[in-house]
Every structure is written in C-alpha cells, then in structure tokens.
Number of protein chains: 4
Amino acid sequence: MAPTTRQPAEHPDPPAGKTPLVRGKGRPRSATADQAILDATREALAELGWGGLTMGHVAQRAGVAKTTLYRRWPSKSELVVDAIASLFDQLECADRGSLQADIEAVVARFAELLTLPETQTALLALFAEGSRDPQLRRRIRERIVQPQKVLVEHGRANAQARGEMDPDLDPATADEEIGIIFDTIAGTVEHRLLVSGEPVTADWIRRFTTLLLGPLPGLLR
Amino acid sequence: MAPTTRQPAEHPDPPAGKTPLVRGKGRPRSATADQAILDATREALAELGWGGLTMGHVAQRAGVAKTTLYRRWPSKSELVVDAIASLFDQLECADRGSLQADIEAVVARFAELLTLPETQTALLALFAEGSRDPQLRRRIRERIVQPQKVLVEHGRANAQARGEMDPDLDPATADEEIGIIFDTIAGTVEHRLLVSGEPVTADWIRRFTTLLLGPLPGLLR
Amino acid sequence: MAPTTRQPAEHPDPPAGKTPLVRGKGRPRSATADQAILDATREALAELGWGGLTMGHVAQRAGVAKTTLYRRWPSKSELVVDAIASLFDQLECADRGSLQADIEAVVARFAELLTLPETQTALLALFAEGSRDPQLRRRIRERIVQPQKVLVEHGRANAQARGEMDPDLDPATADEEIGIIFDTIAGTVEHRLLVSGEPVTADWIRRFTTLLLGPLPGLLR
Amino acid sequence: MAPTTRQPAEHPDPPAGKTPLVRGKGRPRSATADQAILDATREALAELGWGGLTMGHVAQRAGVAKTTLYRRWPSKSELVVDAIASLFDQLECADRGSLQADIEAVVARFAELLTLPETQTALLALFAEGSRDPQLRRRIRERIVQPQKVLVEHGRANAQARGEMDPDLDPATADEEIGIIFDTIAGTVEHRLLVSGEPVTADWIRRFTTLLLGPLPGLLR
DNA sequence: ACTTAAGCGAGACGGTACGTCACGTCTTGTT
DNA sequence: AACAAGACGTGACGTACCGTCTCGCTTAAGT
C-alpha cells in the first residue's frame with residue numbers, strides 16, 4: 001500500500017477484490033498467476049524463512065516476471081499477509097457441547113497453524129513490520145487476526161445458546177472481555193511456541209483453558 | 001591466524017562476559033566503544049525501526065568503524081539482543097504485599113517497556129528471527145526472557161512467604177504452572193500492545209490479573 | 001536466472017562483440033553506458049593512476065551503477081584492457097617510402113601513445129597482472145598487442161612491395177623475424193620510457209632504427 | 001621512502017645501510033627478522049603474485065608483527081624492491097672471449113631471472129608503480145636496473161680490452177649507445193617473456209644478439 | 001643492579017574498496 | 001494492457017587490507 005508510484009489504482013488488492021466489474025480494455029490479469037505466486041510464497045517461506053524470502057525468488061519460482069508480482073502487491077509484507085491469510089480462512093468453530101471444549105478446540109487449531117514452518121517465520125515478522133506501519137497493521141488485523149477473533153465470539157454465542165453464559169450481558173463489557181480473552185489465547189500460544197519454544201500438548205491446552213475459565217466474573221453464570 | 005577461514009568463531013560476546021581474568025595479549029578492546037555502539041543501536045532502533053537499522057548506520061552514529069562492530073557482534077540480531085537486554089536488566093520485584101499487587105506491578109512494568117519505540121520494533125523482530133535460528137533463540141531467552149521470568153518466580157516466593165500459597169508445592173508442578181503463567185503474562189501483553197494495538201491501562205491490568213488468579217488449582221491454598 | 005551461481009560466466013564482453021544478431025529478450029544494454037564507462041576509465045586512469053583507479057569511482061564518474069559496470073566487465077583489469085585498447089585501434093601505417101621511415105613512424109607513434117598518462121600507468125600494470133592470469137594475457141594480446149604487431153607486418157609487406165625485401169622469404173622464418181623485431185621495438189620503447197625514464201626523441205628513434213636495420217640477414221635483399 | 005609519517009629517520013633502509021655506527025640506546029633491531037621478512041616476501045610473491053601479496057600475510061609468514069615490518073619498509077613496493085633486488089645482486093659477467101658471447105650470456109642470465117615466478121609477477125608491477133612515483137623509480141633503478149646495466153658496461157670494457165671496440169670512443173656518445181643497447185636488451189627480453197609469452201631459447205638469443213651486433217656504427221672497429 | 005629507551009608480538013582501531021545481493025523501476029518485444 | 005525477460009540506479013551487505021595505535025614484554029646500553 002502507500003504507493004509511491006504514479007499508478008492510478010492504488011493497488012486494488014486483487015485476490016480480495018475479485019475481478020473488477022468493468023473489464024479493462026487490455027489483456028486481463030492472469031488468475032493462475034495469482035495462485036502460483038501465493039503458492040510459491042508459502043513454499044519459499046517454509047523453505048527459506050521470512051528473511052530469506054525474496055520478491056525475485058518468488059517470481060522465479062512462480063514462473064512469473066517481477067513486474068507481474070509488483071503489479072499486484074506493493075511489498076513483501078502485503079504479499080505474505082495474503083499468502084498466510086489463506087491458511088487462516090479455513091478456521092471453523094464446531095459446537096463441541098461445552099465452553100471448555102470449544103476453547104480447547106480453538107487453542108488446538110491455532111497451535112496447529114503455528115507449527116507450520118511458513119506460519120512460524122511469517123507471523124511474528126509481520127507483526128514486527130506492522131508495529132511501525134499502521135496501514136499494514138490494519139491489513140493484518142483484517143485478514144489474519146479477525147478470522148481468529150471471530151472464533152472466540154462464536155464460542156461465546158454458543159455458550160450463551162447453551163445457557164452457560166448470561167445472554168443479557170452488556171455488549172460493551174462483553175466485547176472487552178472477549179478482547180482480553182482473545183489477546184490471552186493468541187498471545188499465550190504464540191509466546192509458548194515461538195518464544196519459549198515449548199510444545200503445545202493436549203495436557204497443556206487443558207490446563208491453560210482451565211486457567212482461563214476460572215472466575216471470569218460476569219461471564220459465567 | 002587464518003582470518004580467511006570460515007569458523008563458527010562463537011563470538012564470545014565480551015560485553016556480557018565481564019573482564020577476562022587472563023589479560024589478552026594485544027591491544028584491549030575499547031570499553032567506550034561497546035557502550036557507544038549499544039547506545040547508538042537503541043537510538044537508531046527508536047528512530048528508524050528494526051527494518052531501517054543498518055550496521056553501517058550504527059557504526060557511523062557510534063563513531064566507530066564497521067569492522068569494530070562486527071568484531072563484537074556477528075549480526076544485527078545479536079547486536080540488538082544486547083542493546084535491548086540492557087533495558088530488561090533493570091527489572092525489579094518489590095514485595096507489594098499481595099500476589100495480585102505483585103502481578104499487577106510486573107504486568108505494568110512489562111507493558112511500560114513495551115511502549116518504548118525501540119522495544120516495540122525490536123522485540124517481535126527478534127522473536128521472528130529466532131524462530132529459524134536456535135542459537136539466537138537461546139540467546140534471546142538468556143538475555144531477555146529469563147530476566148522477566150525471574151520476576152514471576154520471585155512473586156511466587158513472596159506469596160509463599162506471605163502464606164498466600166502452599167509452600168510445600170511439588171517443584172516440578174510449580175515450574176510448569178509458572179511456565180504457563182509466564183507465557184500468559186508476556187504473550188498477552190505483547191499481543192495486546194503490538195498486535196491488537198490497544199493500550200494497557202490500569203483497569204485492563206486489574207481485570208487481566210483477576211482473570212489469571214482465578215482458580216490456579218493447587219497454587220492457592 | 002540463477003544469479004547466485006558461481007559460473008565462470010565468460011563475460012561475453014559485448015562492447016567488442018558488436019551487436020548480437022539474435023536480439024536478447026529483455027531490455028537491451030545501454031550503449032551510451034558502455035561509452036561513458038570507458039571514457040570515465042580513461043580519465044580516471046590519467047588522473048589517479050592504476051592504483052588509484054576504483055570500480056566505484058569509475059561508476060560514479062560515468063553516472064552508472066557499480067552493478068552495471070560488473071555486468072559488463074568482471075574485473076578492473078578487463079575493463080582497463082578495453083579502455084586502453086581503443087587508443088590502439090587508431091594505429092595506422094602509411095607507406096612512407098622506405099623501411100627505415102616506416103619503422104621510425106611506428107616507433108614514434110608507439111612512443112607517442114606511451115606518453116599519455118593513462119597508457120603509462122595502465123600498460124605495465126596490465127602486463128604484470130597478465131603474468132599470472134593466462135586468460136587476461138590472451139585478452140591483452142588480442143586487444144592491445146596484436147594491433148601493434150600488425151603494423152610491423154604491414155611494414156614488411158610494404159618493404160617487399162617496394163623491393164627492399166625478398167618477397168619469396170620463407171613465411172615461417174619471416175614470422176619469427178617479425179616476432180623478434182616486434183618484441184624489440186615494443187619492449188625497447190617501453191623500457192626506455194617507463195623504466196629508464198628517458199625521453200624518446202627523434203634522434204633516439206633514428207639511432208635505434210638504424211641499429212635494428214643493421215644486417216637483417218636474409219631479410220634485406 | 002616518501003614517509004608520510006612523522007618518523008625522524010626517513011626509513012634508513014637497514015638491509016642496505018648495514019648496522020649504524022652509532023648504536024642507538026634501546027634494543028637493536030633483529031637481523032634475523034630482516035632476513036625472515038625478505039624470504040617470506042619472495043615466497044609469498046612466488047605463491048600469490050604481486051596482487052595477492054599482503055603486508056599482513058608477509059608479517060605472519062615471517063613470524064613477525066606488522067609494526068616490525070612497517071618500521072623497516074614504508075610500503076609493499078619498497079619491500080618488494082629489496083626482496084627482488086637480492087636476486088639481481090648475484091649477476092656476474094665472466095669474460096667469455098667475444099662480445100657476442102658476452103652479450104648472449106647476459107641475455108641468458110637475465111632471461112633466467114625472469115622465469116622465476118617471483119620475478120615475473122613483481123618486476124612489471126614495480127615498474128608500473130614506479131611510473132607514478134619518481135622516488136620509487138629511482139630506488140628501483142638503483143637496486144635492480146643498475147646492476148644489470150653494469151653488466152653491459154663490463155661487456156663493453158671487455159670488448160675494448162680485447163680490441164673489438166675502439167677504446168678511444170667519446171664517453172658521452174658511448175654512454176648513449178650503452179643506454180640504447182641496454183634498453184633494447186632488457187626491454188626485449190621482458191616483452192618476449194612477459195607480454196608475448198614466448199620462451200627465450202638459445203636459438204632466439206643467438207638471433208637476437210646477432211641483430212643487435214649488426215652495424216653498431218662507431219662502436220665496432 | 002637499575003634505569004632508560006627502543007624493539008617486539010599481538011591485536012584492536014578508523015578507514016576504504018571490494019564484489020554481491022535484493023530492491024523497485026524501466027524498457028524491450030510478444031501475447 | 002498484461003506479460004516474460006532482463007538491464008538499470010540504489011543502497012546495504014559482510015570481508016579484506018590498509019597503516020596506525022595501544023598494550024605488556026624483552027633486550028640491550030649506560031649508569
């Protein structure tokens with residue numbers, strides 16, 4: 001984003017923005033190229049890590065010219081956001097019958113994603129880049145963080161539907177609680193896996209979830 | 001001898017290793033240079049961020065030759081570890097009279113560190129680099145993570161001394177619990193500040209701490 | 001492709017190899033850059049000498065990136081060969097009516113070239129480099145030495161045409177004689193100017209040529 | 001020479017200047033170090049060539065500190081002059097009975113020196129350096145060129161003693177002739193061996209000498 | 001014996017140039 | 001107008017030597 005170039009269309013982010021309704025006059029963009037680039041990006045991330053990832057390398061591996069790549073993504077960060085985001089699109093939240101079970105499932109699913117080499121190397125690097133680039137941080141939140149947060153919200157909805165939680169909770173307060181819980185889940189798993197370097201086992205998940213569900217005053221009936 | 005060889009060279013990291021007892025034979029390394037480099041690194045981090053930090057720039061700002069810099073630190077990552085680590089050396093853990101107060105103080109102190117621009121930009125980047133470099137990860141743990149973890153351990157000792165916790169707790173189990181709690185504190189604060197981008201207020205700290213101190217089965221008497 | 005490989009790469013030296021018949025696929029190399037580089041090289045040689053000549057300096061003076069320079073010439077030596085070679089391209093050999101006059105003209109022309117500051121500083125340095133690099137030595141011979149040798153051969157042809165020399169001379173023997181004479185002319189002038197540091201005057205040329213043309217057994221009729 | 005430093009004694013060139021009569025007050029310079037340095041220089045020249053020769057490398061190979069080296073020689077060039085000069089000290093000129101035989105012996109001896117790898121790589125490089133440094137050129141002439149030139153002068157004296165040449169030759173004219181002949185011999189052999197890259201065989205020497213001794217007007221009786 | 005002064009090894013120091021890499025843009029001809 | 005190819009200016013990289021400078025030690029000569 002923040003194109004310093006004189007291009008008209010401020011990088012329309014094609015993978016998200018589908019095909020433009022008004023077909024341009026010239027040759028349309030290749031859809032297969034998009035996919036090849038994203039695949040190549042994930043592969044290269046897994047093999048070489050964030051630091052070893054190169055725009056030129058991705059282009060070469062995708063069988064695409066560098067110009068084609070820059071026509072779609074303005075920088076390595078944005079490209080990787082999209083490449084990683086697709087992994088987080090598949091998150092689901094089946095109702096497993098209890099809040100504890102639901103949260104354990106979410107934690108397990110998130111931990112699973114964080115053991116992929118491409119995710120390990122990319123996620124923290126993106127967060128780091130985002131700490132100085134609000135535009136990028138917004139994009140990361142939209143494409144990567146939000147899909148996870150939705151799971152927690154679904155979990156709460158399910159719990160309320162099951163009668164485990166008070167359905168008449170003040171929405172603002174509930175949002176704050178969800179924020180705390182989400183930061184806690186995501187941050188803790190990331191720190192456990194990527195900083196402390198300890199594995200996330202089923203036992204750990206159970207104990208961590210139990211810690212979470214302790215008092216939660218106002219959330220539990 | 002053989003300066004052209006490609007030995008791992010292990011970079012003994014003199015700034016950390018005190019003064020060697022056996023005085024080296026040649027001209028000793030300049031202690032002022034060490035300090036100037038670390039200071040310049042912190043300043044440059046705050047101004048330019050991790051991505052904008054350049055070895056050449058640091059050298060120039062410190063009034064030092066690039067070779068002098070590389071003689072001490074093998075890479076930007078190791079240099080930044082030491083530069084940031086000094087900020088974490090000053091952590092203390094005064095006994096504030098209750099476990100809740102102690103934990104709140106730790107969280108507040110950590111959040112405070114994470115609002116420094118140099119810490120914000122450097123910490124996640126270091127963690128990201130470390131995800132592919134075990135050597136670096138070990139170093140980060142020793143110099144940055146461990147000093148924080150010690151605080152949590154002190155907090156537990158204080159709580160036991162005050163009688164808030166069972167002093168006869170099985171050490172292995174206690175260590176695991178400490179691990180969980182530490183990952184939770186550190187990870188959550190990082191995620192809150194750097195990923196979610198929300199501020200860490202006194203109110204948030206209180207609520208988060210309360211969440212933490214809920215059941216803690218076996219820890220609380 | 002594969003710019004990271006360490007192939008000999010043979011550096012096709014486009015400036016010498018005319019325009020390739022098969023037009024390359026990408027953006028063609030800038031012809032003006034070639035000329036600017038060679039000009040800058042000659043100027044820098046004259047000002048700073050071989051030892052003071054720097055690839056970075058040449059690039060800057062030519063208004064060109066260092067990479068552009070290295071894309072064409074693999075080393076300072078090869079670059080200087082081409083830069084100096086252009087000076088030797090202009091050599092001619094007008095028929096002055098007698099062998100003595102012709103040789104005097106050749107000697108004078110060569111001495112004239114050797115008084116240019118860029119030639120003085122570059123020629124011996126190239127020869128010195130070539131003494132350990134057969135590849136470079138071959139290149140020097142092709143681009144610098146051979147054009148001079150041709151003059152001597154033309155002189156012989158002229159002499160034969162004028163009847164000063166036996167036209168039925170055994171070619172092999174004649175080649176050897178030419179080799180001797182050429183080494184003598186070139187080596188002596190170089191040594192006189194660059195080692196002994198004495199000037200090459202018209203009188204000196206006359207006496208040296210007379211020495212050369214003494215017996216020439218079998219060559220002169 | 002040409003010391004840019006603030007040392008008092010303008011590099012007294014110890015190997016040539018023997019032990020100073022007035023012994024200094026401090027520790028005297030090590031004579032073995034001098035020899036070790038010169039030997040190391042010659043060896044390194046033969047192995048690595050002029051371009052690969054490094055002051056640090058020589059010091060290391062000689063088992064000597066860099067400071068010791070710089071205390072004696074101000075630069076690589078001066079050091080190599082002395083290292084190479086010792087090879088030219090051994091030149092002799094036995095009277096072989098005729099001018100032709102004497103010259104052939106000189107040519108053969110010089111060609112022999114020029115086939116040593118250290119000489120090949122060093123000689124032209126020194127001449128090249130000297131082309132921009134009159135101080136160095138003078139030194140080269142004194143230590144390397146002059147000893148060779150003396151041979152030619154001895155040859156002339158022998159020839160005069162044998163009656164092959166007019167003993168009453170005008171000294172000034174004779175000096176000029178000697179200059180021409182010397183430049184011719186040295187330059188031609190150098191060019192033959194180092195530029196043309198052709199061997200100097202006994203046959204070539206005979207033909208070249210014959211060419212030289214053609215008319216020599218005024219020299220031969 | 002003791003002082004003095006220089007030589008000596010080791011190696012850190014501020015520099016400069018190196019040759020390479022990736023960047024993001026541009027100019028080709030082709031689709 | 002998108003595309004593959006690849007040249008282009010830019011700037012950082014990490015290394016190699018440069019010649020100088022501190023160190024602590026050694027080696028004599030002159031007290």
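We name chains A, B, ... by the order of the sequence lines, and we start the count at 1 in each one.
- The shortest distance between side-chain heavy atoms of Lys76(D) and Glu129(D) does not fall below 4.5 Å.
- Trp50(D) is not listed as a side-chain neighbour of Glu118(D), based on a closest heavy-atom distance of 4.5 Å or more.
- Nearest-nucleotide mapping onto DNA chain F: of Ser75(B) and Ser30(C), the residue sitting toward the 5' end is Ser30(C).
- For DNA chain E, the residues of residues 50-69 of chain B within the heavy-atom distance limit of 4.0 Å (strictly under) are Gly63(B), Val64(B), Ala65(B), Thr67(B), Thr68(B), sorted by number.
- Between the side chain of Thr54(D) and the main chain of His57(D), no donor-acceptor pair closer than 3.5 Å is present.
- The base of dC8(F) does not come close enough to the side chain of Arg27(C) for any donor and acceptor atom to sit less than 3.5 Å apart.
- Between Val80(D) and Trp73(D), the closest side-chain pair of non-hydrogen atoms is not below 4.5 Å.
- An OP1 or OP2 oxygen of dC3(F) is reached within less than 4.0 angstrom by a side-chain nitrogen or oxygen of Arg71(A).
- Judged as a salt bridge (charged side-chain N to carboxylate O under 4.0 Å, His left out), and not counting sequence neighbours, the contacts of Glu78(B) are Arg139(B).
- Look at CD1 on Ile37(C): it is 12 Å from C1' on dA7(F), rounded to the nearest Å.
- Between Arg72(B) and dC13(E) there is a side-chain N or O to OP1 or OP2 distance below 4.0 Å.
- Paired runs in DNA chain F that reach 3 or more consecutive Watson-Crick or G-U pairs, where each pair keeps both distances under 3.5 Å, cover E:1-31 with F:1-31.
- Across the protein-nucleic acid pair, Asp34(C) atom CG and dA7(F) atom C1' stand 12 Å apart, rounded to whole Å.
- Atom P of nucleotide dA16(F) and atom CG of Leu48(D) are separated by 15 Å, given to the nearest angstrom.
- Between dG19(E), dG19(F), dG11(E), one nucleotide has an atom nearer to the side chain of Tyr70(C) than all others, and that is dG19(E).
- Side-chain contact between Leu79(C) and Met55(C): present, with at least one pair of heavy atoms (C-beta onward) separated by less than 4.5 Å.
- With rounding to whole Å, Leu79(B) atom CG is found 11 Å from dC13(F) atom P.
- Atoms NZ (Lys76(D)) and P (dA16(F)) sit 16 Å apart, rounded to a whole Å.
- In this structure, the side chains of Leu136(A) and Ile140(A) come closer than 4.5 Å at one or more pairs of heavy atoms.
- Atom CD of Glu47(C) is surrounded by more than 12 heavy atoms from other residues, nucleotides or ligands within 6.0 Å.
- Looking at heavy atoms from C-beta onward, Thr121(A) lies out of side-chain contact with Leu53(A) at the 4.5 angstrom threshold.
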